[in-house]
Amino acid sequence: MATIVASAPRRPSFLRRRSDSRVAILYLLPAFIVMGVITFYPLLYQTWMSFTDYTLENLPPRGQPPAFVGLDNYVRMLTTDLNIPNYDFARILIFNLWWAFSNVVIHVILGVLIAVLLNTRGLLFRRAYRALFILPVVIPPIIVATVWANMFDKDNGAINLALQGVASLIRLPPGSFQVDWLRQVEDPIPGLSILPMAYFALLVANTWLGWPLNSVVATGALQSIPSELYEAAEMDGAGPWQRFRNITIPFLRPAMLPYAIYGFVITFNLFYLSYFMSGGGPFGKTELLVTQAFRLVTEQRVYGVAAAFSVVLFCILLGLTLITNRVAKATASYA
C-alpha cells in the first residue's frame with residue numbers, strides 16, 4: 001500500500017518577501033506621513049518647548065530662540081510656584097481624578113441598566129427609545145454647556161424653578177431651594193472642600209451627556225449573547241439576578257471595560273463643561289488640568305510652562321491607562 005507524504009509548503013524566496021515588504025510599506029507610508037505631521041512632530045516640539053522659557057516674544061518668524069531652562073518649568077508647575085490666581089497643582093490633580101472616576105462609574109452603571117431595560121422582550125417602541133437617547137451625543141458641546149449653565153442659573157434656571165415648585169407643594173418657604181449651583185462658595189458637604197456645589201451641577205450635566213454611548217456599547221454586547229444561555233439558566237431555576245450576574249455581566253465585560261478606560265480618558269480631558277459652565281470656579285475648585293493648561297497659553301502666555309503641563313498630563317493619562325489595562329485585563333482575549 002502506497003504511503004502519501006504531505007510536502008511542506010515552500011517558503012517564499014528572499015526577493016519575493018522583500019518585494020512584498022516594499023509594497024506593504026508603500027501602502028502604510030501615507031498614514032505614517034500624516035501621523036508624523038499632525039501627531040508625532042507636535043508632540044516632540046511640545047516636549048522641546050517644555051524645557052525652554054518659551055513665551056510670546058519667541059514666536060516665529062521674528063522671535064528670538066528661547067533659552068534652555070531644563071526641568072525648571074516642571075519644578076515650578078509641580079511645586080505650585082506660579083504666579084497664577086487659585087493655582088494648586090495637587091488640588092487640581094485630585095479633583096480631576098475624582099471627576100473622571102465618578103463620572104465613568106455613573107455612566108457605565110446607568111448605561112448598562114438602561115440597555116438591559118431596553119433589551120427586554122416585548123417592550124414597545126424600544127427602537128424609538130434607542131434613537132432618542134443618542135441625541136445628547138450629536139448636540140454641539142458649546143450648546144450643551146450653555147444650556148446647562150442657564151438651567152442651573154440661580155434666579156431663572158429650570159432646576160431652581162422646579163425645586164421651588166416642589167417646595168410649594170410641601171409648603172416650604174419659596175426661597176428654600178434657591179441654590180447658586182455654579183458659584184456657591186460654601187461647601188455642600190462640610191469638611192469636603194474638594195467637592196463644591198458646582199461639581200454636582202457639572203456631574204448632572206455630564207451624566208446626561210455620557211450615559212447614552214455607554215448604553216449603545218452595552219446594547220451591542222447584549223445582542224451578541226446567545227438566548228439559549230438564558231433559556232438553559234431559566235430551566236435550571238436561575239432567577240433574574242442570577243442570570244444577570246452569571247451571564248450578562250461576563251459577556252458585557254469584554255466590551256465595557258475598554259470603553260470605560262476610553263471614557264475615563266475623555267472625561268479626564270473634558271474641556272468645555274468646566275470652562276463654559278463653571279469657568280473653573282468657585283476659586284478654581286472645578287478647574288481641570290486641561291483647562292488650566294489652556295489658561296496658561298491664552299491668559300498667561302507662558303508657553304514653556306504650558307507645554308510642561310501638557311507633557312505631565314500626557315504621562316498621567318498614559319500611566320493610568322496602562323495600569324488600569326494591566327489590572328482589569330481590559331484588552332485580554334476572551335476566546
* Between the main-chain N or O of Ala90 and the side-chain N or O of Asp88, is there a donor-acceptor pair closer than 3.5 Å? -> yes

* Is Leu113 reachable from Val116 through a run of I, L, V, M, F, W or Y residues, each pair having side-chain heavy atoms under 4.5 Å apart? -> yes

* Asked: How close do Pro282 and Ala198 get, heavy atom to heavy atom, and via which atoms?
  -> CD-CB, 4.1 Å

* Check: Ile106 and Leu203 side chains under 4.5 Å, non-hydrogen atoms -> yes

* Asked: Which value, rounded to the nearest 0.5 Å, describes the distance between Leu78 atom CG and Asn73 atom CG?
  -> 10.5 Å

* Does one hydrophobic cluster hold both Leu43 and Leu318, with members joined at side-chain heavy-atom distances below 4.5 Å? -> no

* Asked: Just by modelled atom types, is the Leu288 backbone N or O under 3.5 Å from a matching donor or acceptor in the Thr291 side chain?
  -> yes

* Asked: In terms of heavy-atom contacts, does CZ of Phe68 have more than 12 from other residues, nucleotides or ligands at under 6.0 Å?
  -> yes

* **Phe271 and Tyr275 aromatic ring geometry - parallel, tilted or perpendicular at 30°/60° bounds** => parallel

* Taking all atoms of both residues into account, what is the closest heavy-atom pair of Thr207 and His107, and its distance? -> CA-NE2, 3.5 Å

* Path from Phe51 to Phe40 over hydrophobic side-chain contacts below 4.5 Å -> no

* Taking all atoms of both residues into account, what is the closest heavy-atom pair of Ser310 and Ala293, and its distance? -> OG-CB, 4.3 Å

* Asked: Distance only, no hydrogens: is a donor on one side chain within 3.5 Å (strictly under) of an acceptor on the other, for Thr248 and Tyr230?
  -> yes

* Asked: With a 4.5 Å limit on heavy-atom distance, are the side chains of Phe276 and Thr146 in contact?
  -> no

* Step by step, would you call Met197 with Asp180 a side-chain contact (heavy atoms from CB on, under 4.5 Å)? -> CA-CA 8 Å; Met197 186 63 77; Asp180 192 0; over 6 Å; no

* Distance-only polar pair, side chains of Ser274 and Thr286, donor-acceptor under 3.5 Å -> no

* **Between CD on residue Gln223 and CZ on residue Phe251, distance to nearest 0.5 Å** => 14.5 Å

* Asked: Do Val108 and Val104 touch side chain to side chain, with heavy atoms closer than 4.5 Å?
  -> yes

* To do: Determine yes or no for a side-chain-to-main-chain donor-acceptor pair under 3.5 angstrom, with Ser224 supplying the side chain and Ala221 the backbone.
  => yes

* To do: Look up atom CZ in Phe152 and atom OG in Ser278, then write down how far apart they are to the nearest 0.5 Å.
  => 11.5 Å

* List the steps and the verdict of side-chain contact (heavy atoms from CB on, under 4.5 Å) for Asn269 and Leu317. => CA-CA 9 Å; Asn269 285 324; Leu317 283 176; 3.1 Å; yes

* Asked: Do the side chain of Asn206 and the main chain of Leu202 share a donor and acceptor less than 3.5 angstrom apart?
  -> no

* Out of curiosity, Gln292 CD to Glu299 CD, how far, rounded to the nearest 0.5 Å? -> 8.5 Å

* To do: Could you walk me through whether Lys285 and Asp187 pass the salt bridge (Lys or Arg N to Asp or Glu O under 4.0 Å) test, one step at a time?
  => CA-CA 11 Å; Lys285 289 186 177 182; Asp187 301 326; 3.2 Å; yes

* To the nearest 0.5 Å, how far apart are CD1 in Ile266 and CG in Asn103? -> 12.5 Å

* Residue pair Arg245 / Pro250: nearest heavy atoms and the distance that separates them -> O-CD, 3.3 Å

* Asked: Parallel, tilted or perpendicular: which describes the rings of Trp99 and Tyr199, with under 30° parallel and over 60° perpendicular?
  -> perpendicular

* Have Tyr74 and Ser50 got a donor and an acceptor in their side chains that come within less than 3.5 Å? -> yes

* Do Asn58 side-chain atoms and Thr55 backbone N/O form a donor-acceptor pair below 3.5 Å? -> yes

* Asked: With no hydrogens and no angle check, is any side-chain donor or acceptor of Asn214 less than 3.5 Å from a backbone partner on Gly210?
  -> yes

* To do: Determine, for Glu287 against Arg91, whether the closest basic-nitrogen to carboxylate-oxygen distance falls under 4.0 angstrom.
  => no

* **salt_bridge(Asp153, Arg183) N-O dist < 4.0 Å** => no

* Note, Val112 side chain near Ile249 side chain (heavy atom, < 4.5 Å) -> no

* To do: With side-chain contact (heavy atoms from CB on, under 4.5 Å) as the test, would you mind laying out the steps for Tyr87 and Ile92 before giving the verdict?
  => CA-CA 8 Å; Tyr87 173 75; Ile92 296 174; 4.1 Å; yes

* Quick one: does Trp148's side chain get under 4.5 Å of Val204's, heavy atoms only? -> yes

* Structure fact -> Residues Pro258 and Arg253: closest non-hydrogen pair is CD-O, 4.0 Å

* Asked: What about Leu252 and Leu117, same hydrophobic cluster or not, with Ile/Leu/Val/Met/Phe/Trp/Tyr joined at side-chain heavy-atom distances under 4.5 Å?
  -> no

* Is a side-chain donor or acceptor of Gln300 paired with a backbone partner of Val302 at a separation under 3.5 angstrom? -> no

* **Heavy-atom check, side chain of Phe268 versus side chain of Leu97, under 4.5 Å** => yes

* Please examine the side chains of Leu163 and Asn160, heavy atoms only from C-beta on, and report whether any two atoms are closer than 4.5 Å. => yes

* To do: Please answer whether the main-chain N or O of Trp211 pairs with a side-chain N or O of Ser215 as donor and acceptor at a distance below 3.5 Å.
  => no

* ring pair (Phe, Tyr, Trp, His ring centres under 6.0 Å) against Tyr54, all qualifying residues, sequence neighbours excluded -> none

* Taking all heavy atoms of Ile247 and all of Ile225, pick out the closest pair and write down the distance. => CG2-CG2, 3.9 Å

* To do: Check the pair Trp181 / Lys154 against side-chain contact (heavy atoms from CB on, under 4.5 Å), numbers first and verdict last.
  => CA-CA 7 Å; Trp181 292 91; Lys154 178 182 178 181; over 6 Å; no

* Structure fact -> dist Met151:CE -> Leu161:CG (nearest 0.5 Å) comes out at 10.5 Å

* Asked: Taking C-beta and beyond as the side chain, do Leu82 and Phe89 meet within less than 4.5 Å on heavy atoms?
  -> no

* **Worked verdict on Tyr45 versus Trp48 for ring pair (Phe, Tyr, Trp, His ring centres under 6.0 Å)** => CA-CA 5 Å; Tyr45 190 80; Trp48 168 78; 5.3 Å; yes

* To do: Take atom CG of Asn83 as the centre, draw a 6.0 Å sphere, and report whether it contains more than 12 heavy atoms from other residues, nucleotides or ligands.
  => no

* Determine, using the 4.5 Å side-chain heavy-atom cutoff (strictly less than), whether Tyr272 and Ile139 are members of one ILVMFWY cluster. => yes

